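Comments concern the structure below.
A quick note: this is a predicted structure, and the numbers were derived from the prediction, not measured. We count ligands from 1, going down the list as the structure has it; atoms in each ligand are counted the same way.
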Amino acid sequence: MIEPALYLVATPIGNLGDLSPRAVEVLKASSCVLCEDTRHSQRLFKRLEFERTLLSCHEHNETGRIQQALDDVASGKVVSLISDAGTPAISDPGFRIVRAFRAAGQKVISIPGPCAAIAALAASGLPTDQFRYLGFLPPKSAARLRNFETLKDASETLVFYESTHRILKFLKDLRSVVGDERIVCVARELTKMHETTHTGPLLEVEEAVTRGSQKGEFVVLIAREGYSLT
Ligand code: SAM
């Protein structure tokens, strides 16, 4: 029995085998599934071989969607929120609907699963006891450099998301602030066919990323100054 609530359902970040049985059970029980892009999410449901009403939820229709979801759950329905990939509300839409549900005293339940930041961190070899998630840095170099200046003395592992187009610029800017030797990890295309992870001193990792393919999605992790892999 799936109780009425808003469910945040994590979906695969590449490998469809990572969708949990519980996630499938909740999606099946949902009267509707809020998503970023209905066409993208249709592909997931095609693989699952069942259909649900998919409703796009974005900046322009969010207020109405949130109210409808609140009404649905209040009347005993199960509503799910998914994103294009990974955990909703983590560098993806979700925060505002969760806040509205909490403010209304309505139930929100996480169905945990894939999250690129956590998958990369866990396998990185960098300290996992304390980390700070920073998501995407601003796209412009000057703003990125200011961020690196502010963060360079952080004592915890720093976790960033980055895109195909900016990964090399990100690493170059980072090196200009923290130097060649800082231990970093660059994880590309996690759970996918071309998954590649490089961990080591920044200059070596940057060279390896430059030599390899920069296509795909990246997580970059930065260890605290002085951290050594051995
Ligand atoms: N909500 C997602 C999560 O839980 O990881 C993140 C969504 S965010 C819009 C997309 C970014 O996550 C990508 O640009 C990339 O930095 C990272 N990402 C997503 N999938 C990834 C993968 N398979 N491998 C590496 N990074 C990934």
Side-chain angles (χ1 to χ4, degrees), residues 6-20 22-23 26-27 33-41 43-44 47 56-59 62 80-99 108-126 128 131-140 143-144 147-148 151 157-174 184-199 205-206 208-209 212-222:
L6 172 70
Y7 288 82
L8 298 199
V9 181
T11 59
I13 55 170
N15 189 324
L16 286 178
D18 292 337
L19 189 70
S20 75
R22 186 165 171 240
V26 168
L27 292 173
V33 177
L34 300 175
C35 57
E36 289 185 78
D37 174 351
T38 53
R39 270 185 301 180
H40 181 97
S41 295
R43 292 201 285 275
L44 176 71
R47 291 292 292 261
S56 68
C57 186
H58 45 71
E59 251 183 284
E62 197 174 43
S80 288
L81 173 72
I82 62 175
S83 62
D84 284 352
T87 301
I90 304 301
S91 292
D92 265 340
F95 166 69
R96 280 190 286 271
I97 188 167
V98 170
R99 184 175 58 175
V108 181
I109 297 176
S110 239
I111 305 297
C115 175
I118 298 299
L121 174 68
S124 67
L126 274 53
T128 54
F131 64 92
R132 200 187 319 177
Y133 173 72
L134 292 131
F136 290 98
L137 284 186
K140 294 249 165 69
R144 201 164 42 225
N147 273 274
F148 289 148
L151 295 164
T157 297
L158 304 176
V159 185
F160 302 90
Y161 283 166
E162 196 45 278
S163 71
T164 294
H165 310 293
R166 282 192 287 270
I167 185 65
L168 288 179
K169 289 180 202 143
F170 181 107
L171 295 174
K172 187 169 159 284
D173 283 349
L174 175 64
V184 301
C185 170
V186 175
R188 166 180 167 257
E189 295 288 83
L190 291 164
T191 80
K192 302 184 197 176
M193 194 193 298
H194 299 293
E195 174 167 349
T196 327
T197 301
H198 299 289
T199 295
V205 169
E206 188 186 332
V209 174
S213 167
Q214 291 109 47
K215 283 208 188 103
E217 304 187 280
F218 293 84
V219 182
V220 183
L221 302 105
I222 307 172

Atom 14 (O) of ligand 1 - nearest protein heavy atom and its distance: Phe136 CZ, 3.3 Å
Going by the order shown, which atoms of ligand 1 are within less than 4.0 Å of some heavy atom of Ile90? 1 (N), 2 (C), 6 (C), 7 (C)
Starting from atom 4 (O) of ligand 1, locate the nearest protein heavy atom and write down its residue, its atom name and how far away it is, to 0.1 Å. Thr87 N, 2.8 Å
Looking only at N/O atoms, are Thr191 and ligand 1 under 3.5 Å apart anywhere? no
Ala85, portion touching ligand 1 at heavy-atom distance under 4.0 Å: backbone
Return the residue, atom name and 0.1 Å-rounded distance of the protein heavy atom closest to atom 7 (C) of ligand 1. Asp92 OD2, 3.3 Å
Within this structure, what is the CG-OG1 distance for the pair Leu190 and Thr196, rounded to the nearest 0.5 Å? 9.0 Å
If you have a sec, work out which protein heavy atom is nearest atom 3 (C) of ligand 1 and how many Å separate them, to one decimal? Tyr161 OH, 3.4 Å
Please report which non-hydrogen protein atom sits nearest to atom 15 (C) of ligand 1, along with the residue it belongs to and the distance in Å to one decimal place. Phe218 O, 3.4 Å
Using a 3.5 Å distance criterion without hydrogens, assess whether the side chain of Thr157 forms a donor-acceptor pair with backbone atoms of Thr128. no
Return the residue, atom name and 0.1 Å-rounded distance of the protein heavy atom closest to atom 22 (C) of ligand 1. Leu190 N, 3.5 Å
Quick check: Arg188 and ligand 1, any N/O pair under 3.5 Å apart? no
Before giving the answer on side-chain contact (heavy atoms from CB on, under 4.5 Å), spell out for Leu137 and Phe148 the whole-Å C-alpha distance, their side-chain angles and the decisive distance to 0.1 Å. CA-CA 9 Å; Leu137 284 186; Phe148 289 148; 3.4 Å; yes
Give a yes or no on whether the backbone of Glu217 and the side-chain of Glu189 come within a donor-acceptor separation of less than 3.5 Å. yes
Hey, is Phe160 one of the residues with a heavy atom under 4.0 angstrom from ligand 1? no
Taking atom OH as the centre, does Tyr161 end up with more than 12 heavy-atom neighbours from other residues, nucleotides or ligands that are less than 6.0 angstrom away? yes
Quick check on Arg166: does its CZ atom have over 12 non-hydrogen neighbours (other residues, nucleotides or ligands) under 6.0 Å away? yes
For Cys115 and ligand 1, does the shortest N/O to N/O distance drop below 3.5 Å? no
For atom 20 (N) of ligand 1, what is the closest protein heavy atom, and at what distance to 0.1 Å? Glu217 OE1, 3.2 Å
Please determine if Ala116 has a nitrogen or oxygen closer than 3.5 Å to a nitrogen or oxygen of ligand 1. yes
Test Ile97 against Glu62 for side-chain contact (heavy atoms from CB on, under 4.5 Å), laying out the working first. CA-CA 8 Å; Ile97 188 167; Glu62 197 174 43; 5.8 Å; no
Quick note on ligand 1: atoms under 4.0 Å from a heavy atom of Gly86 include exactly 3 (C), 4 (O)
Heavy atoms from other residues, nucleotides or ligands near NZ of Lys192 exceed 12 (cutoff 6.0 Å): yes
Ring centre gap for Phe136 and Phe170 strictly below 6.0 Å: no
Just to be sure I read this right, does ligand 1 sit under 4.0 Å from the backbone of Lys192, its side chain, both, or neither, counting only heavy atoms? side chain
Taking Ser80 for its side chain and Leu27 for its backbone only, find out whether a donor-acceptor pair lies under 3.5 Å. no
Distance-only N or O hit between ligand 1 and Ser163, under 3.5 Å: no
State the atoms of ligand 1, each with its element, that fall below the 4.0 Å cut-off from a heavy-atom position in Glu189. 23 (N), 24 (N), 25 (C)
For His194, I'd like to know if atom NE2 has over 12 heavy atoms of other residues, nucleotides or ligands within 6.0 Å. no
Side chain of Ser56, backbone of Glu36: donor and acceptor closer than 3.5 Å? no
One finds that the ligand 1 atoms under 4.0 Å from a non-hydrogen atom of Ser91 are 7 (C), 8 (S), 9 (C)
